[in-house]
Amino acid sequence: MKSILSREYGSPETLIYQNVEKPIPGDGQVLVKVHATSINYSNLVLLRGKPFPARFAFGLLKPKYLIPGGDIAGVVEMVGKNVTQFQIGDEVYGDLSICGWGGFAEYVVVPEQAIAPKPSLLTFAEAAAVPMAAVTALQGIRDKGNVTAGQQVLIYGGSGGVGTFAVQLAKALGAEVTVVCSTSNIDIAKSIGADVVIDYKQEDFSQRQERYDVIIGVNGHQPISIYKNSLKERGTFVLVGGSESQLFQMMIKGPWIGLKDKKTFVHFLQRAKQEDLIFMKELIDEGKVKPVIDRLYHGLMNIPEALTYFEQGHAKGKVVISVVGE
């Protein structure tokens, strides 16, 4: 089968497009024919081995996982013994980041708990845009932010992969949502339901009088202290991703920066969960959430180009690669 291999840390040009042996599912596993995959920030971490602490999980001197790729959407082609949730022909999607990666290939073997039925309203390319970004947004909004109906929520960085899902999830939970983004992304933010859009090139949101119950900061780089005054008393700031400087600030300042006003500053690492994939499928099938796709590349051989574009940081929504038909 065709695949993308990562044998060393470096730029997208270090990736190798090569044939490898097609895997066979073992006990409790399924073989999925991959129809589409997508790019997430974690793909860059796995590619470059940065920030350096990530290497303790991904391999200290070279990548531990030969075939990268987390998000997939495809069709079950073979099932191993004791598989109870799926059968041949089922359309599925999933996040493979906790079970060895391997999504940048024509086929991948995964534990049945790593995938879920594909949202019926989506194409394979659209479904591949969902798993990691949507579940990250879900866990940030619902589990860490505890967003409820009627709350005021601000999302800084609401136009990328995670951000576009976060906006829609907050709206689905009944919140009033303000999005901070660049001028070129205003229309996207409005199209997915933002009640208020602030162009950070024209205005500093922290100088506004409005205060928010929850603020979600997605892959930002600004000091976390700028969010403090924009939170209501007992408000919560959730950092999703973020630069190395932000992560360091959260480690040092996070536990005490909001103590006086009973404000909470939290950072978390997304963890793939089948029940969250099922939850997202239900929301999508109900028409409450939809993936936003910036670019669609065709063929595994174009993954280096897709990663190069994604790394520039200007993607409006998700970057997806169609695998079938190359």
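The analysis underlying the following values was restricted to heavy atoms, covering all of them including side chains, and did not include hydrogens, waters or symmetry mates. Note that the structure is predicted; figures quoted are calculated from it, not measured.
Using cut-offs of 30° and 60° on the angle between ring planes, the pair Y297 and Y309 is tilted.
Side-chain contact between F268 and V240: present, with at least one pair of heavy atoms (C-beta onward) separated by less than 4.5 Å. Between S6 and F58, every side-chain heavy-atom pair lies at or beyond the 4.5 Å cut-off. Using a 4.5 Å heavy-atom threshold, the side chains of P63 and Y9 count as touching. The closest side-chain heavy-atom distance from P304 to E13 is not below 4.5 Å. In this structure the side chain of N40 never reaches within 4.5 angstrom of the side chain of V162, judged on heavy atoms. Contact annotation: the side chain of V130 approaches that of L122 to within less than 4.5 Å [non-hydrogen atoms, C-beta and beyond]. Counting heavy atoms from C-beta on, the side chains of N229 and S206 never come closer than 4.5 Å. Contact annotation: the side chain of L47 approaches that of P12 to within less than 4.5 Å [non-hydrogen atoms, C-beta and beyond].
By the 6.0 Å contact criterion, NZ on K64 is enclosed, its count of non-hydrogen atoms from other residues, nucleotides or ligands being greater than 12. For Q312, the CD atom counts as densely surrounded, since its 6.0 Å shell holds more than 12 non-hydrogen atoms of other residues, nucleotides or ligands. In this structure, E275 places its CD atom where more than 12 heavy-atom neighbours from other residues, nucleotides or ligands lie under 6.0 Å away. Heavy atoms of other residues, nucleotides or ligands lying less than 6.0 angstrom from CD1 of I24 number 12 at most.
Using a 4.0 Å cut-off between charged side-chain N and carboxylate O, D95 and K273 make no salt bridge. Using a cut-off of 4.0 Å between Lys/Arg side-chain N and Asp/Glu carboxylate O, K171 and D195 are scored as salt-bridged.
Heavy-atom minimum distance, N185 versus S159: ND2-OG, 3.0 Å. Residues A189 and V179 approach most closely at CB-CG1, 3.9 Å, considering heavy atoms. In terms of heavy-atom proximity, S3 sits nearest to I67 at CB-CD1, 4.1 Å. Across K62 and R7, no two heavy atoms sit closer than the pair CB-O, 3.9 Å. Listed here is the closest heavy atom pair of S42 and W101: OG-CH2, 3.5 Å.
Side-chain atoms of E286 do not come within 3.5 Å of backbone N or O of L283 as any donor-acceptor pair. Looking at Q168, its side chain does come within 3.5 Å of a backbone N or O of K290 through a donor-acceptor pair. In this structure, the side chain of E8 does not engage the main chain of T14 through any donor-acceptor pair within 3.5 Å. Judged by distance alone, the side chain of R55 and the main-chain N or O of G49 form a donor-acceptor pair under 3.5 Å. With D90 contributing its side chain and F86 its backbone, the two residues share no donor-acceptor pair below 3.5 Å. No side-chain donor-acceptor contact under 3.5 Å links K281 to the backbone of D285.
For Y200 and F205, the ring centers are positioned 6.0 Å apart or more.
Cation-pi geometry between R295 and F310 is not satisfied (NZ or CZ under 6.0 Å from the ring centre, within 45° of the ring normal). A cation-pi arrangement is absent between K263 and F237 under the rule of less than 6.0 angstrom and at most 45 degrees off the ring axis.
Looking only at atom types and distance, the side chain of Y93 has no donor-acceptor partner in the side chain of D71 under 3.5 Å away. If you check the side chains of K318 and S38, you find a donor sitting under 3.5 Å from an acceptor.
I293 and V289 fall into different hydrophobic clusters, where Ile, Leu, Val, Met, Phe, Trp and Tyr are joined by side-chain heavy atoms under 4.5 Å apart, directly or via other members. Both V92 and V79 are part of a single hydrophobic cluster, where members link through side-chain heavy atoms under 4.5 Å apart. The cluster map of Ile, Leu, Val, Met, Phe, Trp and Tyr, joined by side-chain heavy atoms under 4.5 Å apart, puts V34 and I88 in different clusters. Both V319 and M301 sit in one connected hydrophobic cluster of ILVMFWY residues. Membership requires side-chain heavy atoms under 4.5 Å apart, directly or through other members. One hydrophobic cluster, built from ILVMFWY side chains closer than 4.5 Å, holds both I321 and L5.
Each of Q202, Q207, R208 was compared with D204 under the side-chain contact (heavy atoms from CB on, under 4.5 Å) criterion, and only Q207 meets it. Each of V83, V76, L31, V30 was checked for a side-chain contact (heavy atoms from CB on, under 4.5 Å) with P25, and the lone residue meeting it is L31.
Once rounded to the nearest 0.5 Å, the distance linking CG of L154 with CD of E210 reads 9.5 Å. To the nearest 0.5 Å, atom CE of residue M280 and atom CD1 of residue I278 are 12.5 Å apart. With values rounded to the nearest 0.5 angstrom, K232 atom NZ is found 11.0 Å from I215 atom CD1.
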Can you check side chain to side chain contact (heavy atoms under 4.5 Å, CB included) on V238 and F265, steps first, answer last? CA-CA 6 Å; V238 181; F265 281 67; over 6 Å; no
May I have the step-by-step check of side chain to side chain contact (heavy atoms under 4.5 Å, CB included) for Y17 and I4, ending in yes or no? CA-CA 5 Å; Y17 179 60; I4 292 291; 4.0 Å; yes
Where do E233 and R211 land on the salt bridge (Lys or Arg N to Asp or Glu O under 4.0 Å) test, with the steps shown first? CA-CA 9 Å; E233 185 175 353; R211 297 294 180 263; over 6 Å; no
Step-by-step salt bridge (Lys or Arg N to Asp or Glu O under 4.0 Å) determination, D294 to K316: CA-CA 5 Å; D294 180 290; K316 301 174 176 64; 5.0 Å; no
Begin from the C-alpha positions of D276 and R142 and carry the test salt bridge (Lys or Arg N to Asp or Glu O under 4.0 Å) through to its verdict. CA-CA 11 Å; D276 287 345; R142 182 194 64 187; 2.9 Å; yes
Residues Q151, V214; criterion side chain to side chain contact (heavy atoms under 4.5 Å, CB included); working and verdict: CA-CA 8 Å; Q151 287 189 321; V214 180; 4.0 Å; yes
Verdict with reasoning, Y212 to V153, per side chain to side chain contact (heavy atoms under 4.5 Å, CB included): CA-CA 6 Å; Y212 304 92; V153 176; over 6 Å; no
Exercise answer: donor-acceptor pairs, residues 107-117 side-chain atoms, under 3.5 Å, sequence neighbours excluded:
from : atom 1 : to  : atom 2 : distance (Å)
Y107 : OH     : K33 : NZ     : 3.3
E112 : OE1    : T84 : N      : 3.2
E112 : OE1    : Q85 : N      : 2.9

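In this view, E77 and K22 satisfy the salt bridge (Lys or Arg N to Asp or Glu O under 4.0 Å) rule, not counting sequence neighbours.
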